[in-house]
Structure formats: structure tokens, C-alpha cells
Amino acid sequence: MRRAFLLAFVVALAAMPLLPVPEFWITQANYIGLYTLVVIGLVLLTGIAGLTSFGQAAFVGLGAYTAAFLTLKYGMSPWLTVWFGLAFTAVAALILGWITLRMSGHYLPLATIAWGLSLFYLLGNIDALGKYDGLLGIPAIRFFGIELNTGRSFYYLLWIIVVLAAIGVTRLLDSRTGRALRAVKGGATMAEAMGIDTYRTKVTAFVIAALLASVSGWLFAHFQRTVNPSPFGLKMGIEYLFMAVLGGVGHVWGALVGAGVVKILEDQLQVWLPKLLGGSGNYEVIVFGIVLVLVLQYARDGIWAFVEARLPRRDRAVDWADAPALPERARPPHGEVVLDVKAVRKEFGGLVAVNDVSFSVRAGEILGLIGPNGAGKSTTFNLVTGVLPATRGEVRLMGERIEGLTSRAIARRGVSRTFQHVKMIPAMTVLENVALGAHLRGARGVAAAMLRVDRAEERRLFKEAEKQLRRIGMEASMHELAGNLALGPQRLMEIARALCADPTLLLLDEPAAGLRLKEKQALAATLRQLRGEGLSILLVEHDMDLVMGLVDRVVVMEFGTRLIEGTPEEVQASPAVRAAYLGTEH
Ligand code: ADP
Ligand code: MG
């Protein structure tokens, strides 16, 4: 069905210039194609990775001016200049991304505004680039001896590139890197805990978006045959973002819809509004502003979301049955100390959340960490997994110190975890969410995804994901969107995701919260089985029945301090523990 739509679209696209369509509409279509390229980049950057940029027009400008300057000044072939443009843009995007993407929040949008403005004034003040008049007389692109100097001939080159870009980005989204890109939007903590380098992933999205804009600029220069700074200023940067939001910022095909609607609407409004309102002015800007507010208010996901909701959802074909299993980590011998926490401390200002706590976990053992709310259990987890830096103390994994490492580096060494408050990507299927856990067991990147040569690895990752879902009894829900699950299954899904990393040490933060009795029993059985396989588990849990019947030893915390450590029987018999729990627990 989807393929049929795509095919119909491509056929209609290919047929349009052959029909007696007025030149005006061919020109419109060409502009829409040029814009779509830029907006596809924005979908990736803003919709998928959650990074807002007002500066894409500046990257279009870089591509356009590089093409114009090199062809006019040095007589270079456009087929050569495009590579210069891409290289130049990549360098600019890397530098800009390197500086701004480390900062959080609103720095990136602000930086892109600054960048958009400054490039505009820079272009307008360089003599060699013709200042605000720009460069004229850019030659047309020649393609196998054919000069693409008409709207109709240019159309084909342009739209082939647009369709390839759309397919490439669609493929990218359905890949290991694509899942990483989606994961960074929800915040770095979960993604990093799965071993994803979120900074690098953001830079990747930023550079790809810039490169798409640059190609659009290259095409633009040879289509218009002249460049000047005005199409590359901030106003256009905002307009690109508007197209992305209107079309549907999370969808590749939304880019096309957004670009199409805005371009056509703009032209019609420029004709009709002055007639209606009298005089001349940029009235369409006002209309766009109002439309943007309405879209953000009532249709946040843009126009494409309406189409998407009506298209049949196609489950991922289960094509991994024969895929070879992923290699597994060597497990430490039973009884060996896996995790050794020594006098670890965490202060938040004056509050001592974890007060010189020590404990160790051995291979093939489940250690329970219990204590009233606010005792410091989750904070201890965050210290062990590198989410928070310890104020002092030592954490050793298999004898090596890890307390200074990033959570990504710790994940790589075999520590995987779940979160007290489920962290997942609601718009991805359960299977894809779980596959995220196997990120470090794959290696394929952007190019492999776009060329679809990553499928063998993908099959192995999905096979692993399915295996772990089966383990927790959730294989029936693998094609569901994670966001549609109830809380209990969401928690189980997180466990499957953590297991996908093939960890040596598994940390579970209140895994049974929100689970029904049957689910709890199944969970306990799974954890026992994992222990039998030699996995070490650190378990924070409020459900005493579950904890006491399951764990080998218990550490009780209160007000950040370790109260007692012992077997479940010893702990249950302790008067101090009873005192700590009275009134605060069941
Ligand atoms: P538990 O998981 O045992 O319920 P937490 O580890 O979440 O407890 O919290 C321990 C204490 O540290 C609580 O008093 C909590 O308010 C405080 N705390 C946790 N995280 C932070 C933070 N990021 N900043 C300041 N205080 C925090
Ligand atoms: Mg907690």
C-alpha cells in the first residue's frame, strides 16, 4: 500500500513536465523541490533529533555561493563544485555544531539565528561575491551533454535528488543510527545508558541537515542562474522551519507537503492579500504567523500526521529468524566480585543523598537495595552507572575503577540498567525500543543505512531484541508502539532493552512497580533464570514479598546511609529495619 503510494507519486512526478502544464507550475514545482530538500534535513534535525534550527537558509547560501563563485571565477564544472560546497558546508556545520551542540536548551536555536544573520551580512559585504547584488550569469548544469537550462529539464535532476534524499533519510531513520537519533530527543540519560554517544549523534544530524541544505543551494544557484544574499537570510530560515512544522516535523514526506503548501500558499497570498487589503506589503508573513500558531495549537504533528494516521501501519517483516546470534560477553566465574562500591558519597548542596555507602555484588547473585523513599537508592544507581558524578568514593567493576567514567563508557563495560521513571521512545515500536539496548553490539552507521547494506546486522539486532522480549513474555507486543503500552509492560520492556546489551551487571530500579501479581511472578522467575545464567543483578524494589523471596542478600538504606546488610532473614529480623520501615512502608 505504502509502496503503491510512493510509486504513484513518482509516476505523477515524472509525468508532470511531459504534460501540457504551464511553465509557471513547473517553476513552482522546482521551488518546492528545492525547499523540500532543506526541509527533509530539518525533519531529521528538529523532528527526529529535537534540535531546532533557524539557520538552514545559511547552509543553502553556502552551497549556492560556493557553486556560483567557483563556476564563475574558475570555470569549474558544477559537478565538481557540488563537492566543494558539500565539503565547505560540512566543515562549517562541524565547527558550528561542535560549539553549540554541547550546550543544552535554547543555545542552539539562538546560535542558528546568529549564524543565519551573520552569513547574510557577510555575503552582502564581500566584494568578490558582488555584495548585495550577488553574482550573475551562473551557467546551467550540463548532464550528459544536455544543458539543463529550462525549468522542465532542470526539474528531473532536481526531483531525482529530492526523491533520493527522501528515501535515504527514510532508510536512515529505520536503522541503528536512526534509533540513536530518535533516542537523543528524549534527553541524554537513557540514550547514553544504552551506549549512544548523544553528542556525536546530534552533530551527525546537524551535518546531514546542513549537507542537504547545501545541495539545495547548489541546485538553486544553477536554477536561478544568479545568487544574492536575500534568499539565504534569517527570514527564509524561519520559513523553512515553518514548512517543516506545517508539513509534519517528524515525517520525511511531511517535508514535501510543508514545502508544497507554503510555496503555493505564499504565491496565492501575495496575489490576493494586497487586492483584498489594498496597497502592497508582506501580508503573507502575518498569515503565516497566524497559521503557525494554529498549527502548534491544534495540529502539533503537522499535516502529514493526518495522512499517516489513515495509512495502514505495516509491521516490520520478521526476517531475522535465520540471522546468526550476536556474540556474547564472557561471564565472570560464579562468585567473583563484579561490582564493588566503597564508601561512595553524593552530596546535593547540603543534602547528603548517599552517605559513604559500601556494598558489593558477586557474579550470579541478586543483591536487593531497599529503603524508604528518599533513602538514596536511585542516586546510588546513578553513581554506579555514571549518570551522576560521585562526590567521593570508589566504584569498581571487575576490579577496575569506573567512578570517573561517563555512563556510556560504563555501559560499554557491561553495566545495563532500567529507570525508576520509564524512559523510552513512545513513537517507536516495542521491538525498536528494545533493539536500542543492543546499540553497542552493532557498528553500522549513516552511509550503510542509506545504502541499505546494514540489513544483515539489523537482522541480528532484531533477533536479539525479539529473544529478550520473549524472555519477559512480551513478544506478542513487539510491533506495538511503546507509547501505547500500560506502565507494567513498559517496565518489562525496559528490562528487555537492558538485557539486549548483554550485560554483566544489571541494575533494576523498582521493576515491579505498576506490575500485576502475575507479571511480578513472571518477572521473579525471569530474574532467577538470569541469575542462574551467571548474571549479577542489583535490584531496588519496594515490594517486600518479591525482594525477600528473590534476592541473595539485602542492603538497607535510610537517609543515604547503609543501615544493615545481610540475608533476607537477617534483615527481616532486624529491629532497626523494622523501625525504619514503620510508618513509611506498608
Ligand atoms: P530513593 O530512590 O531511595 O527514593 P533518591 O536517590 O531518589 O531516593 O533520592 C535521595 C535523596 O536525594 C532525596 O532526598 C532526593 O530528594 C535527593 N535528590 C535526588 N536527586 C537529586 C538531585 N538531582 N538534586 C537534588 N537532590 C536530589
Ligand atoms: Mg528511587
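Read the numbers this way: they start at 1 and go in the same order the structure lists the ligands and their atoms.
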Does E347 offer a backbone N or O that forms a donor-acceptor pair with the side chain of T391 under 3.5 Å? yes
May I ask you to identify, for L351, whether its side chain, its backbone, both or neither come under 4.0 Å of ligand 1 on a heavy-atom basis? side chain
Check each atom of ligand 1 against the heavy atoms of S378 and keep those under 4.0 Å away; list them by number with element. 1 (P), 2 (O), 6 (O), 7 (O)
Is the Mg ion (ligand 2) less than 2.8 Å from an N/O/S atom of Q420, whether that atom is in the backbone or a side chain? yes
Non-hydrogen protein atom less than 4.0 angstrom from atom 2 (O) of ligand 1: yes
Between R176 and G442 (side chain of the first, backbone of the second, donor and acceptor by atom type, cut-off under 3.5 Å), is there such a pair? yes
Give the residue and atom name of whichever protein heavy atom lies nearest to atom 8 (O) of ligand 1, and the separation in Å to one decimal. G376 N, 3.2 Å
Which atoms of ligand 1 are found less than 4.0 Å from any heavy atom of A375? 1 (P), 3 (O), 8 (O)
With no hydrogens and no angle check, is any side-chain donor or acceptor of R300 less than 3.5 Å from a backbone partner on G248? no
Under 4.0 Å between a Lys/Arg side-chain N and an Asp/Glu carboxylate O for K520 and E541? no
Tell me, please, if S378 has any N/O/S atom, main chain or side chain, under 2.8 Å from the Mg ion (ligand 2)? yes
Contacting atoms of ligand 1, where contact means under 4.0 angstrom from a heavy atom of N373: 4 (O)
Would you say G371 contacts ligand 1, with heavy atoms under 4.0 Å as the rule? no
Who's closest to atom 24 (N) of ligand 1 heavy-atom-wise, of F559, F381, F348? F348
Closest protein heavy atom to atom 12 (O) of ligand 1, given as residue, atom name and distance to 0.1 Å: A353 CB, 3.4 Å
Nearest non-hydrogen protein atom to atom 11 (C) of ligand 1, with distance, is G374 O, 3.8 Å
Ring-plane angle category for W304 and H251, please: parallel below 30°, perpendicular beyond 60°, tilted otherwise. tilted
Within the side chain of E432, is there an N or O that forms a donor-acceptor pair under 3.5 Å with the backbone of T429? yes
Do R316's NZ or CZ and the ring of F462 fall within the cation-pi criteria of under 6.0 Å and 45°? yes
Only heavy atoms of T379, strictly under 4.0 Å: list the atoms of ligand 1 that pass. 5 (P), 6 (O), 9 (O), 10 (C), 19 (C)
Side chains of T380 and V341, heavy atoms from C-beta outward: is any pair under 4.5 Å? no
Electrostatic pair R491:E494 at N-O distance under 4.0 angstrom: no
